[in-house]
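All remarks here apply to the structure that follows.
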Number of protein chains: 2
Amino acid sequence: MDQPSPPRPAVMIDVARLAGVSHQTVSRVLNGHPSVRDETRERVLTAVRQLNYRPNALARGLAGRRSRVLGVVSFDTILYGPAATLLGVERAARAAGYGVSIVTLEQLDHDGVSDALSALAEQSVAGVVIIAPFTNTAAALRSLPMGIPAVVVEAGASGGLPAISVDQIAGAELAVRHLLEQGHETVWHVRGPQNWLEARDRESAWRSTLEAAGRSVPPVIDGDWSAASGYQAGLRLAGDPRVTAVFCANDQQALGLLRAFHERGVRVPDNVSVVGFDDIPEAEFMSPPLTTIRQDFDEVGRRCLAMLLDLLDSPVETPVYPRVTPVLVSRASTGIRQSANANS
Amino acid sequence: MDQPSPPRPAVMIDVARLAGVSHQTVSRVLNGHPSVRDETRERVLTAVRQLNYRPNALARGLAGRRSRVLGVVSFDTILYGPAATLLGVERAARAAGYGVSIVTLEQLDHDGVSDALSALAEQSVAGVVIIAPFTNTAAALRSLPMGIPAVVVEAGASGGLPAISVDQIAGAELAVRHLLEQGHETVWHVRGPQNWLEARDRESAWRSTLEAAGRSVPPVIDGDWSAASGYQAGLRLAGDPRVTAVFCANDQQALGLLRAFHERGVRVPDNVSVVGFDDIPEAEFMSPPLTTIRQDFDEVGRRCLAMLLDLLDSPVETPVYPRVTPVLVSRASTGIRQSANANS
DNA sequence: AGAACGATTGTTAACGTTCACAGCGCGGCT
DNA sequence: AGCCGCGCTGTGAACGTTAACAATCGTTCT
């Protein structure tokens, strides 16, 4: 009788019939194959619109080799860094006509990464972006017998896998130099969790920058990215008169540190200057507003995708992309150190 | 010659051959069909392990009807709420054996939602979770001629679509009551962006709770979730002696507000009490630690998924799930109001 | 003029799985 | 004895697309 809007969505053969061509011609038009007459192409496209036809990605993936879907393996998508990177990748992927499937890791060991990758392989994703900047991710990846093209975010020397990274070394240098230039004798450091590569890079750059400037290197304080750990570090540092400048491995830790200082009557930046890392949206509104290192995660996402697409085209050579350079955002939590230089 | 590890992954027919059965029997074993002899099942499973066989999700989706992949339409995955919900949904989905494809909305209008849903439909997802709590999402959804089962997070009366939501009304009531109980004459409100349903709910609950208690309702202050907008609001409220208690629509706004108060010498909670909403991880370490309303996003994610799976089983009746109840987390930003009540 | 060529289109066979149905062997019932 | 039914297994045909090859037509080269 009537089917004003067919309950079953149109498929390629329907379009072909309506346009009076074969299904293969429709396929050619959709994939931009050159040898199709303009008049035919028009006819097909009209039919496509008329039926509101959308090609079935599953069938596409099955028949062809590529699946227009990328996988993303992430860790804690509530953390600012991973979340921002994920968003960047997703945007870039969508712009390039790819869908994005995500898997968040529960455990960080070899099996965790392996399971995640298997799950994605099952969906036959065309490629994978791994946002899991752990020291042991590299090892896990190396031993993976997978044929899927993959790029890694922030994984340092990750077993030969192509990687995109923000230049953590440069960032930490910016932070330490900024503090030294303001007249501080040295800079203390609240580092991030040791199984994160970024944390290690920041710590070692902090150390080497101090050494290069001929300053003493104070003992490092442990942290785990959380504001709570920064708070603990703050309580520990608050009593120490030698502490005039602190570089926190991320902004949340800096927040906790500021809180502890505030409680203990340590004034920032009058008594102690503080620098964070990331430039989370809240940094500008902390008490006082936090000087920090900004990373362009959107750019990271874009480059990741560009790299992955390069890799899909020519799987032989691994493209090399430059590191993304972070910048210093100077706010009220750091100030010129008045005379009274350190102890004496 | 030799193929110690075949370059091409094994498929079902390979398993069948190795186990000495037909491909269909393999399929039955994999899908838990009851009528397979135990001995046969064992033989098949052994072959599966031996070949490291993983079923191809694309082929599965094409042949059967279901595709073991769920779609998630989200908005700003850097915001705490959406990010946490996304994580919750992903975890629950993975536990149920589903993959998750995400699409983040760029624009909030009808076309945006429509495009996102089309993109997911193309991948023939089994169902969709929509984390896009906008006032006009509802309208966009209603006019969507889609056959995909969908559940919506926080969408209030969203055109008959099944929805999971945190009880915003109850949350806002908790906040306002808490402040009134501490002796405040009334409570001011910095609301969220007007196109978010949650913002509207919180505002109207704030209003009605005040009215129910017979208190005057001060003019509402605009905000947009950002700390920056909270800061602006804070500057505006700081000079006003009538302001003794403020309920911010989210924690970021509260952060900005606290910053503005701090700058203007308004002490919290001595002069003004502040309550936020969400209980972001940073809330505990603000200056002072923020009293706020905690939402259990993990629970939201779990229920979302349970609901969607129910819906997949029986598409006829829309299951009804209770709202998730938020709780008050009392911290130092609110305190008992000392005598000196309001102005005069 | 004959043949070979390029442009355009159609035909058939994959891709790897599930679904629908047909078979087989065995026990219990009439 | 024959028949039905049940537990188990196999066979063929989908699903919707792309890849590989064949076919047709008008043109150009020798």
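Computed from a prediction, not measured in an experiment: that's the story for all the values here. Numbered from 1 within each chain, the chains take letters A, B, ... in sequence-line order.
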Checklist entry - How long is the span from the OG atom in B/S22 to the CZ atom in B/R17, to the nearest 0.5 Å? => result 12.0 Å

Checklist entry - Taking five pairs at each end of the helix from C/dA1-D/dT30 to C/dT30-D/dA1, what angle separates the two helix axes (nearest 10°)? => result 60°

Next on the checklist: Let's see if you get this right: which residues in residues 55-63 of chain A place a heavy atom under 4.0 Å from DNA chain C?
Outcome noted: A/L62, A/A63

Item to check | Distance, nearest 0.5 Å, that separates CD1 of B/I164 from OG1 of B/T85 | outcome: 11.0 Å

Checklist outcome for this item: Expected list for residues 15-28 of chain A near DNA chain D, using heavy atoms below 4.0 Å, is A/H23, A/Q24, A/S27

Checklist entry - Can you tell if the side chain of B/V300 reaches within under 4.5 Å of the side chain of B/V166, non-hydrogen atoms only? => result yes

Item to check | Listed once per pair and sorted, the salt bridge (Lys or Arg N to Asp or Glu O under 4.0 Å) pairs that draw on residues 124-134 of chain A, sequence neighbours left out | outcome: none

Item to check | Exam field: side chain B/T46 to backbone B/E42, donor-acceptor pair closer than 3.5 Å | outcome: yes

Checklist entry - Who passes side-chain contact (heavy atoms from CB on, under 4.5 Å) against B/D111, sequence neighbours left out? => result B/Q107, B/D109

Checklist outcome for this item: 5'-most to 3'-most nt of DNA chain D touching chain B (<4.0 Å, heavy-atom partner on protein side) reads D/dC8 to D/dG16

Checklist entry - How close do A/I131 and A/P82 get, heavy atom to heavy atom, and via which atoms? => result CG2-CA, 4.3 Å

Next on the checklist: Is the shortest side-chain heavy-atom distance between B/V73 and B/V113 below 4.5 Å?
Outcome noted: no

Next on the checklist: Near DNA chain C, counting only heavy atoms under 4.0 Å, which residues of residues 34-53 of chain A show up?
Outcome noted: A/S35, A/V36, A/R37, A/T40

Item to check | Short side-chain to backbone donor-acceptor contact, A/S67 and A/S124, under 3.5 Å | outcome: yes

Next on the checklist: Within the structure provided, determine whether B/V21 and B/R41 are in side-chain contact (heavy-atom separation under 4.5 Å).
Outcome noted: no

Item to check | Partner residues of A/R54 under the salt bridge (charged side-chain N to carboxylate O under 4.0 Å, His left out) criterion, sequence neighbours left out | outcome: B/E122

Checklist entry - Can you list every pair that meets side-chain hydrogen bond (donor to acceptor under 3.5 Å, both in side chains) and has a residue in residues 28-37 of chain B, with sequence neighbours left out? => result B/N31-B/R60, B/H33-B/S35

Item to check | Boundaries of the chain A footprint along DNA chain C (any atom under 4.0 Å from a heavy atom) | outcome: C/dT8 to C/dG16

Item to check | Qualifying ring pair (Phe, Tyr, Trp, His ring centres under 6.0 Å) pairs with a residue from residues 73-106 of chain B, counting only residues at least two apart or across chains | outcome: B/F75-B/F134, B/Y80-B/F297

Next on the checklist: Looking at every non-hydrogen atom in both residues, tell me the closest pair between B/A47 and B/A19 and how far apart they are.
Outcome noted: CB-CB, 4.0 Å

Item to check | Gap between atom CG of B/L311 and atom CG of B/L305 - 0.5 Å precision | outcome: 11.5 Å

Checklist entry - What residues form a side-chain contact (heavy atoms from CB on, under 4.5 Å) with B/V11, not counting sequence neighbours? => result B/R8, B/I13, B/D14

Next on the checklist: Does A/L70 form a side chain to side chain contact (heavy atoms under 4.5 Å, CB included) with A/V129? I'd like the steps, not just the answer.
Outcome noted: CA-CA 8 Å; A/L70 299 180; A/V129 175; 5.5 Å; no

